Structure formats: structure tokens, C-alpha cells
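Report on the following structure.
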2 protein chains.
Amino acid sequence: MDAVQKANSGHPGAPMGAAPMAHVLWTRYLRHAPTNPEWPDRDRFVLSAGHASMLLYSLLYLTGYGLELEDLQQFRQWNSRTPGHPEYGVAPGVEATTGPLGQGFANAVGMAIAERRLAAEINRPDHTLIDHRTYALASDGDLQEGIASEAASLAGHLRLDKLTVLYDDNHIQLDGPTDMAWSEDVLARFAAYGWGVARVDDGNDLDAIDAAIRTANDDGLPSLIAVRTHIGYGAPHKQDTQKAHGSPLGEDEVRLAKEFYGWDPDAHFLVPDEVLAFYREAIPAGQALVADFHARSQAYGAVYPDEFADLRRRIRGELRPGAVDGLPTYKPGDELATRQASQQSIAELAEPVPELFGGAADLSESNLTDIKGAGDFEAGEAGRNLRFGVREHAMGGVANGIAYHGAFIPYVGTFLNFSDYMRGSVRLAALAGLHVIYVWTHDSVGLGEDGPTHEPIEHYAALRAMPNLWFVRPGDPNEAAAAWGLALERHGGPVALSLTRQKLPTLAGTAELAAEGVRRGGYVLRKAAGEDAGKAPDLLLIATGSELQLAFNAAVALEADGIGARVVSLPCWAAFERQDEAYRESVIPRAVAKRVSVEAGATLGWERYAGDDGAMIGIDHYGASAPAAAIFEHYGFTVERVADVARRVVREGLRGRIPTLEAGHQPAGLRS
Amino acid sequence: MDAVQKANSGHPGAPMGAAPMAHVLWTRYLRHAPTNPEWPDRDRFVLSAGHASMLLYSLLYLTGYGLELEDLQQFRQWNSRTPGHPEYGVAPGVEATTGPLGQGFANAVGMAIAERRLAAEINRPDHTLIDHRTYALASDGDLQEGIASEAASLAGHLRLDKLTVLYDDNHIQLDGPTDMAWSEDVLARFAAYGWGVARVDDGNDLDAIDAAIRTANDDGLPSLIAVRTHIGYGAPHKQDTQKAHGSPLGEDEVRLAKEFYGWDPDAHFLVPDEVLAFYREAIPAGQALVADFHARSQAYGAVYPDEFADLRRRIRGELRPGAVDGLPTYKPGDELATRQASQQSIAELAEPVPELFGGAADLSESNLTDIKGAGDFEAGEAGRNLRFGVREHAMGGVANGIAYHGAFIPYVGTFLNFSDYMRGSVRLAALAGLHVIYVWTHDSVGLGEDGPTHEPIEHYAALRAMPNLWFVRPGDPNEAAAAWGLALERHGGPVALSLTRQKLPTLAGTAELAAEGVRRGGYVLRKAAGEDAGKAPDLLLIATGSELQLAFNAAVALEADGIGARVVSLPCWAAFERQDEAYRESVIPRAVAKRVSVEAGATLGWERYAGDDGAMIGIDHYGASAPAAAIFEHYGFTVERVADVARRVVREGLRGRIPTLEAGHQPAGLRS
């Protein structure tokens, strides 16, 4: 109450109502180590209801994580350790960035998956190193979100028995009573998913909460405990109303609530010494847990030194030396889809990168994400291939949870078009700095017959705009393998691979140049005639993905016309923009203003590289249902057309967006 | 089978398995009029499982919608009327663009909502004009998607009794048996949502299907009927396997299936005359339905001529003359958030635009979307304010369904940041050309204390990249009102309003210029000194939204320095880019190359207007949790800084992206 009041902003009601269940969980169940918050075998606690952040910050302060009263007093202030919603990496003990509803729930499912898989990989008879639980606290809003429904269904299917979710059932959401919009039987729904379910009728009854958690932990199923709480408990005028949800209570109401609790109404941020002492028992208790773990670790390490060293490496987030050295290379004449090169890359990485763990949203045969022979991750078997079902958003949230857990590099696949369905979780991976890899295939109208509902157009721009996401669209099989290298070696954020359905030729030069060139985000794939003799190119042809071959072959055609075109491959703008200016200038010299960009997608953003005097060949409308070759032909994505546009750029000053030759069916608003 | 085989691409299995239930529904229940497919009181049928498009195309051909055998033979070919997934507007009788799973399910919920609301508005005692049902056919994948879970929960809450969903329960999805990823009790889950549920054990038992539909239609609840089917029924080697899902069966297997059916294996696209005659009975039956409707319409129109004329207008999709004339205007000195100006606009539009119908995803008190006094749309009352709960994706899909239904302009609200959660449905609104309005508030770091999890950064670029979506970011209260005018008057696609949480001053000139200027997407808000005398501006300051005031006041400051800066407001790029070149040149003259863009978001795309010699003030990292004023100050979004950058652009040739002054907490990948 005090912190929200002091900030004059925030959500006091949920922390007040949920404090008793948090107290029981944190003092009686949660196995954690405040002075060693990264201890790998700790139980995880995810505050999915991120707006109740002050509850988490209070617990972190009380139990001794190093968050201080002064931090609480800086709630929601510039650069404080206590932002409005919990942010991973900003304060110790915050296991996940939450606030966008439903995400924390899915993260918790991912953490429970990671725990089970890691335990299966690491533990040995008589040597249990990994054995921890995942708890989450969720709100009504969390459980209304589709991502939570998807994740819950998956958790039930997988029988994630070490997952327990406390549901803060306070009957109030932002617009008013939950029954304005929600009258389902939540427990029956979760039971249908295969969860153990329980209800605690009085959210202030510590023993009832305790009993419910104990039962939940022992029932062999993921569990949901609906705890009937009262939002803003003790605030006489605001309890049980949405006025306690998202605004400070007001000075007078805070005083009255303190009086209701039998607390000094004039005291602010008061923590009695005996309260602090009680909670701080978490410190020695945690130290004992860590000491015991260290003892077990030493015993394990003595018997399994290689496995133990590799586990430590994985937890540190480092690759094995040479882990990506085995990535495949291809030679001109080799023709395969970049999704196939990705599949071969995954196959090569499976052994040297055991932390690679992932799957697809019911498209594994299209995304080619399976690790052959590694088994499925199922209720009865902790194999390596995850089967997400058609649940893209939960897949994204689960991947984040696996990354938060540590010791894994999760990768997840669907069609690039359906990155939209998981965009909320992709953003959180980028914001939290998680090392997650997206395998998004069928990445243009090259998808073909499935048509515009499945063909990405605006997605490259939409993903390039997202801070800290590295979007990579490799242009041939060698670039695809190199993109996997980039994806594995990146630190501090997610990498998206945008891959073709259709076959692409291996281009001359990529075998030699792509590994380094892709890592730098962009490079000169083919110099113009005379460049080595010091002649400046007449023109830059800049392309990504399946259109790189068009730029390459157009350059060859232009050479016959006496036009010297340099071909620049630009698969990852984010990486390229982190190169120093000298490198960027060496690839895209400012002095060469005649440029043509070629990419089968929205032109938005391409002015950055095409410049005022450049032309952009793109698609600023929706795709079409037809064989891929027909679509490219009708749109004018051909070598001849690229060469023709280039000639007109050089000779006639053509510039700006170049429309497709014909667009096919388009919505009325685009036609009119 | 034949069409998929001829296309050598597509999904034969679901149409084969689901044909019996479709037959029963279309020949015994669906009230439709093939020769009058737009008849407003028709039952709606949504093929949510859009990959089964050949089932729908076959029905449209058989029942006489004007789709011909030649169209079926052009399945999945360039510009045919039979694309891979059904596309609204491409063939008559296709009620919704489907394929992205779960969307059609949510569309159906929206159609049922629209029907109930329209019936409540229009019908009178003894005069029932509107009374129809909504049917959908959904796959396992549809029901796995979170959007369907959200929509189902909402439908149960609202007791949409005229909604019946047939679930093609064939136990197979793309990756294999559904139980690889899905073991929930689907019917129990839907019962928990408040649906009536039933199971048909034999999907070829027409009478059992018939009985189940009859019961479902009479149970007073939305209903789900799980029909146990066999994917690829009759194909001896592929039935009940995923090989029948997404690939042609192969010539041999097609022959064997025809033999199994007792059909001539050498015949292709064979439709016996008596079969066609049987199905074509739908034509006279539909004509009788329409004739009856016309008789009822005439009786209604005789008693309620104004109501009837207004209904016809709404169905035509035209506004009342002068409908937007009452939009509010503001004068300098008026200071209010653009979300508040939107609220006042909605209040003014409520009466003259009765077709405006919408709500928010549990943020109505933040988005300010309610129409006061108009009542809620609830199970017992068909009021005008929809309460979506925290279900953004379903909200988007429901809005699409309301728009598909016709006679409404749906509008839906959440925070701009959570447009990500509903992006899949926004894209389909744009692709299908639906007139949906998004009220997305809290549109920058001006959101303040809730922090980076809630603050849009990349969203402007991501939404501008989407074809046929008009994204509008008004810069003051007058522009916000004008944006509502633009949004209502648009045809053929959705409009997104990006609105502030924080108050904005009313700028001099917008009262006079914004109505026309916003409609054109961009305009000169303030000329540079001397422009009227023919002097060219030294500089263009181009801005949107809450940063327009910075550009405006910086221009004033620069004038004192003798720098003539024209202020260009550019709230809607899509509308601006549809203006003729003369107008665009009159606003942003090519000759004035010194430019500064100001927008509190990702710079991607701004090169289009800033040009090679311009500078872009933006935010290419995540936001912060702090009071809004503090964030803007720390980032350098101040009049002084804008003026300073502008001076350096003019005097020193500064150009390119201008970093924020300080970034606060950022993920490791952005720091390193």
C-alpha cells in the first residue's frame, strides 16, 4: 500500500489479497536461496500476475535478496530496481518478466518442462542433482488469455506434476466484477485439461492454503488451486471493487486499512523487526539448501566429471568449443530449401549442442525441426522433441520459460506468417534478453498454393522493428547454416530464422563468405566487374532470402550490358547495424547512390539501405494462392525484371517503390 | 480428391471425412439462398477449418452459388476463385477468410453476437426481420488455438444459443495423431465454458448428425458437436493418417477410394445429374426464403419506414449523411488526452452512427470506449457495450465476425502494446477488407509507470507495414476527432487509432486543418516564416501523435534563430501515400532535404520521409517504468532537444538516427 501510494501509481489490491498465499508458499514450500538467487536447483516462482509486482518486491526484500526498503520506495521511478511490472535481470530473484497477461503462466509451464528434461539428462541412479518445482501465481486475467489456455492444455497433456499454480480468485478485474465477462467453471476447465484442481474458500486461511499446496504437490498432475481472496483486503471502501485494482488506495484509505489490520496508521514502510527476522530465516535455510546441493554436486562430479562439467557449462550459457564447426557447407549445384539446410544444421548440432531443445507447433514435418532419434518429450518420456500442437502463443511462452530456467537453448518452429500468433511472447524474449531461436519457415509467397492467409508480407519489417530481436533471412543453403551459427553464438536476445519452403540454388561465393558475412549481418557477395582494379560499382543490388539469387543473376546479366553491379547480401539488419561504420561503408558505400533492393515483402524500412536514389522491389499487398513459380512470375520477381529495373535506375534515375507487375485478388481497400 | 489431385496441392482428408456432416447441415438445416448469397437474414456458415476449402467450394458448386466445375478445376491456381484457403470476396458464399486456425471459430462467435444485437435493435412485436443461426465447422487445430478458447469462453458467458459448432473429430493433425500433443477432454472443457455438448460416434451416420444438430439448436446454449470422423475416409492406405491431411492422395489412391465408394475410378470431377439436381433444390428453397423475407420486410417497412430505411443503409455499408458532422472540435488551451477526445467522439457518434458497436478487452476505463447509457451486451440483454474480458485475440476475431455479418461497424479497444496479442485477427481484417476500427490507447512511453512490458515501441512500424491497415496516430485532440471521421468514412479495410494516455495540448491550426489534413493522411500544420512570400522552408519537422507538439514548439523556437521550419503532421501514412504526387509534394517537397522526424517509437520506416539528409528522433530500444514526463526528459524528447537536433541538421549536416540521451535498463543484447 505504502509503495503504491508513494509512487502514486500501481496495483495495491492484488498484493493485499494474495499476501497470505504468498506467505505460505514462500515460508513453507518454496526452496530458494536469497543470497544465491541463481542456484540452479531452486524452485521457480513466477508472478504471472505481474501487476502485483509489489507483492514480489516485498517478498524479495523480506526474505533477503538484497532488494532494500529504499528500492521499494523507488517503485515505478526512473531506473529503479522496482519497475511497474517485474523485469528479469533488474532485481535479483525476479524469475521472469511478466505483466502481459498469460505469459508468466506459459513461462512456468516451460520451466517445468525444462526441469523434467534436465533431470532426465543429468540425474543418475543414486545421484539426484536436479529436482525442483515450479510455482506460479496467476490472476483471473491470466486465465482468460488464450496463451494460458494453450499452455494449460499442454501442461495437462504432459502431466507436469511439479507445476503448481495458485489462482488469485478475487472476482474482480479491471472493468469490474469478473462475472461481467467470465462465467465459466474454471476448475472444471482445468480438470478437463488433466490438471489436479482444488479450491480454498478463504484466502486468509493459512492452513487451508498449506493443505491445498501439499495435496497439489503430491497428486501427480499439474495443479491449479483457486484461492478465494479479496482484492484490497482490509481497505474499507475499496476492498472487493475494481477501485483497488489499478490505482493507489489514497492516503485516507491506507490509514483505514492499517487500522483494520491493527497497524499504526502513521507508520509508513514499517517492517517490525520480528517480522523481518522471521522472513530472513530464508537466508540460512537457503544456504543450507545450497550447501547440500554442493555436496551432491561434488559427489556427482566425482563419478561423472564430464557430465558435471558440461552441465556447468550449459548453466553458464556457453557453447562447447567448436560447437558450430560441424555446420554443413554446400557448393554451387547443391539446391535445397533453406528449411532443409536448417534441418541438416540441426542434425549436425544435436550432439555438440545438447542444450538445444525444441519443437514445432504441429508443423514439424514442414518446419523440419525434429532431432531424429532423440525421442519425444511426452508424459512418460523426457525426450528432446517437443510437440506443441497448434498452440503458437504458448509455444513462445514455453520457450521463454525454458530459457529462463537455464541450461537450455530452446528453438521453436511454425510458419513465419504465424509468428503473429506468438508475437506477444517473442517481444518478451527480446525484452528479457532470452536466448531463444525461432525457426520460421515458408517465409514468402514462395509458400505458394496455401495462399495469402499463410504468406508473410509485412512480417520482415514488423520483426526488424522489434528491439533486440535479430531477424535473419538467409539467401541460400550456406547462409542458412551460417544463420544457425549466428543464432547459437548470440548472447542476450532471441534470433529468428526466416526460411524458405522452396528450393534455392547454392550461390557462388557463399561457401567461402557466408559464415563470416552472415555473422556480420551483411556482406559483399559478388563484386562488380572492375572493383578489384579500384573501379567503383555503378550500382548496388541488395537482397535477402530467396531473392538473393535474383540479385546475383541480375548482376551477371548487367555485366553483359556493361553495368557494374555489386551484390550485397543483407540477411540480418540488426547484426549489420552493430558493425562499425567502416565495415558498413565497405559493404554499402555512401558514394554509390544507385541501388536496387529486392525482397519479396513489404518495402517499409528498405529506404534505410536503398536511399533516396534507390529503387525497391517488394510486395506492398497481400500474396496469392498459386504455385510459387507462377506467383513470382506474375509479380515480376524474375532476373529479367530485376535487371530491367536496375538498368532504369542507372540510366533513367528510376527510384522509389516499384510496384508488382500484377497483384491478383486484393481486398477492396487496396484496389480502390 | 480430384481437385486436390489436379492441383497437386491441398488438403483432401478433411473434406472426405467431414462431407457427411456438411451434407446434413447444408441440405437439412442451413437457411441460405444460393442465388442471393447476400440475403441478410441467411444463416451463416463459417468453415473455420479453412484448409478444408474444397469441401466449401464443392458445396457452393453443388448448391448453385455460381461457382462452376471449371472453378474447382482451377483450385489453387493463379487468380482462380478457389484459392487454397477460403477468401472472403473471391467466391460468392464464402462468409469469411479462414485458414489461420481458430479465427473462423471467433468469427462465428462475432456473427452470433451481431445477429442477436441486430435482432434486438430491429425486430418489433409481430415483426421479426432478423432471426438466423450461425454454424461453424472446426478442426482439432482450431480448438487447440488460444483464440478459440477465448472466444468459446465468451460465447458461453453470453449464452449465444444460435451458435452451433461442428467439430471434425478425426484424431489426426499435421504432425500425426492428435494425442501426440492433445489429450484434454474437449467436451468437458466446452461444458465448463457453458456450452451444450454432444458427441456423434459415427461421422457417417446422417441421422445421428441430424439429431445432434436439432438438439444443439434447441438447447438454449451455444453448442459443440464432436463428430467422430475419419480423415481421408475411403482411401485405403491413407485414411486415419496424417498422409491424408495436407497432400494429394496420389492418382492410385484416388482410384482406390473411388472404388471403395462404388464410384467409377476413371471418372474425374464426376457429378451425376441426380446428385446435382438434389443439391440444386437449394436454389428454389432459397428463393422462397428470400421471398418470405421480402414480404416480411415490406410489412415491417410499412409500419416502421425510418427503421427499415436505416437498416437497409446499414446493410449497404453507408453512413447517414452528415454522420460525422458532430465530431468535437477543440481550441488552443484545451488540453486532453487523445483517448479522451476519442471518448468524446464516440459519444457524439453514438446516435448518428447506430451501427457503431464495440467494447474493450477489460480496459474500457482506460480505453474509454463505452457508449454511456447504451447498456452492456450480456446474456440477458443485447446492449451496445461489449465486455470482452482479457481476450484480445478473440476480440479481434469477434470484431471481424461482426463486420462479416454486416449492418455494423465494430470497434474494439486495448492498449496499443497488446495489439500484438490480436495481430493474427487484425491481419485477417486487412486481408478480407473488413471495416473494423481499433481503439488502441496508451500508445508510447507516455504510458509511464506500467513500464516497458506495456509500452509500444516497434508497433507503429509493425502496423504500418501491414497492407490495407490504416494506422492513424493523431497529434492532438482535433486530430483525434478527425481520426474518428477518417475511420468511419473508410471503406474496404480496418483503421487503427493510436491514442495517448497523457494529456496533449490543442495546437494552433488543427481546429481548421485537421479534419481535411487527417483525412489526407498528412498536411502542413504550420508554415515556416516567409513561406507565404514564396521562401522555401529551411527544414521540415515531421511528427505524429504526442510528438507533434514537440515539432510545433521547436519550430517556434527555431524561428527565433532565423531557421524557417515547416511543421508537417503525418498521422496516417497509408492515407497520405494514396494522395496524388502533387499533394504529397506540396506537403513534403523533395527540394527541402533537411528534415527531422520525431516519433516516440522505432525509427524503422522513417527514412521514407526523413530522406538521406534527414535526422530521425525515435526510440530503438525498450521503454521504462517511470512517470511519463521523466521518461520523455531522460530520452531527450523535449522541445529543446528537437530544436537542437534541427539546428545541427541545418548547420552541421547531422543526419540518420539520433539515439536517445539515456536508455535506462535494457536487455543484455541491446547493451552489449
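Order of the sequence lines fixes the chain letters, A, B, ..., with proteins taken first and strands second; residue numbering starts at 1 for each chain. Because the structure is predicted, anything quoted here is derived from the model rather than measured.
For A:S80, the part lying near chain B is the backbone, with the side chain staying farther off; criterion is any non-hydrogen pair under 4.5 Å. For A:Q242, the part sitting under 4.5 Å from any heavy atom of chain B is the side chain, from C-beta outward, and nothing else. Contact annotation for A:Y193: both backbone and side-chain heavy atoms come within less than 4.5 Å of a heavy atom of chain B. For chain B, the nearby part of A:D376 is the side chain; its heavy atoms alone come within less than 4.5 Å. Neither the backbone nor the side chain of A:A191 comes within less than 4.5 Å of any heavy atom of chain B. At a 4.5 Å heavy-atom cutoff, the contact between A:S9 and chain B is made by side-chain atoms alone. Heavy atoms closer than 4.5 Å to chain B are found in the backbone of A:E455, but not in its side chain. Residue contact with chain B, scored on non-hydrogen atoms closer than 4.5 Å, involves the side chain of A:H11 exclusively. For A:W573, the part lying near chain B is the side chain, with the backbone staying farther off; criterion is any non-hydrogen pair under 4.5 Å. Contact of A:H459 with chain B is made through the side chain alone, with heavy-atom distances under 4.5 Å. Interface remark: A:A624 contributes side-chain atoms only to the contact with chain B (heavy atom separation under 4.5 Å). A:A429 does not touch chain B: none of its heavy atoms, backbone or side chain, sits under 4.5 Å away.
When all heavy atoms are compared, the tightest approach of B:G611 to A:D612 is CA-OD1, 3.4 Å. Taking all atoms of both residues into account, the shortest heavy-atom contact from A:R427 to B:N417 is NH1-OD1, 3.0 Å. For the pair A:R423 and B:D420, the tightest heavy-atom approach, listed with the atom from each and the gap, is NE-OD1, 3.0 Å. In terms of heavy-atom proximity, A:D175 sits nearest to B:D362 at N-OD1, 2.8 Å.
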(request) Please report the C-alpha distance between A:R76 and B:D450 in whole Å, then the side-chain angles of each, then the deciding distance to 0.1 Å, and finally whether the salt bridge (Lys or Arg N to Asp or Glu O under 4.0 Å) criterion is met. (result) CA-CA 7 Å; A:R76 294 180 160 239; B:D450 274 347; 2.8 Å; yes
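Within the 4.5 Å cutoff, no side-chain heavy atoms of A:E449 are placed close to those of B:F75. Side-chain atoms of B:R391 and A:E145, non-hydrogen and from C-beta on, never get closer than 4.5 Å to each other. When side chains are defined from C-beta on, A:T603 counts as touching B:R608, because their heavy atoms get closer than 4.5 Å. Two residues are said to be in side-chain contact when any heavy atoms from C-beta on lie closer than 4.5 Å; A:H85 and B:H454 meet this criterion. Side-chain contact check for A:R387 versus B:Q173: every heavy-atom pair is 4.5 Å or farther apart. Contact check for A:T453 versus B:T98: no side-chain heavy atoms found under the 4.5 Å cut-off. Here the side chains of A:P467 and B:E458 are in contact, with some heavy-atom distance below 4.5 Å.
For the set B:P627, B:G194, B:G156, the entry with the most heavy-atom pairs within less than 4.5 Å of chain A is B:P627. Heavy-atom pairs under 4.5 Å with chain A peak, among B:G389, B:G246, B:G10, B:G493, at B:G389. Chain A forms more heavy-atom pairs under 4.5 Å with one residue of B:A430, B:A602, B:G424, B:A148 than with any other, namely B:A430. In terms of non-hydrogen atom pairs under 4.5 Å with chain B, the most contact-rich of A:G141, A:P86, A:A432 is A:G141. Top candidate by heavy-atom pairs under 4.5 Å with chain A, chosen from B:R490, B:E365, B:R657, is B:R657. When each of B:G451, B:S53, B:S183 is scored by its heavy-atom pairs under 4.5 Å with chain A, the top score falls to B:S183. Heavy-atom pairs under 4.5 Å with chain A were tallied for B:A610, B:P494, B:G84, B:A192; the largest tally goes to B:A192.
Residue B:E633 qualifies as open at atom CD: its count of foreign heavy atoms under 6.0 Å is 12 or below.
Relative ring orientation between B:Y421 and A:H393 is described as perpendicular, the plane-to-plane angle rising above 60° on a 0-90° scale split at 30° and 60°.
Between the side chains of B:R189 and A:S149, no donor-acceptor pair is found at a separation under 3.5 Å. B:E87 and A:Y622 share no donor-acceptor pair across their side chains, judged by distance under 3.5 Å alone.
Checked against the 6.0 Å centroid threshold, B:W78 and A:H634 count as a close aromatic pair.
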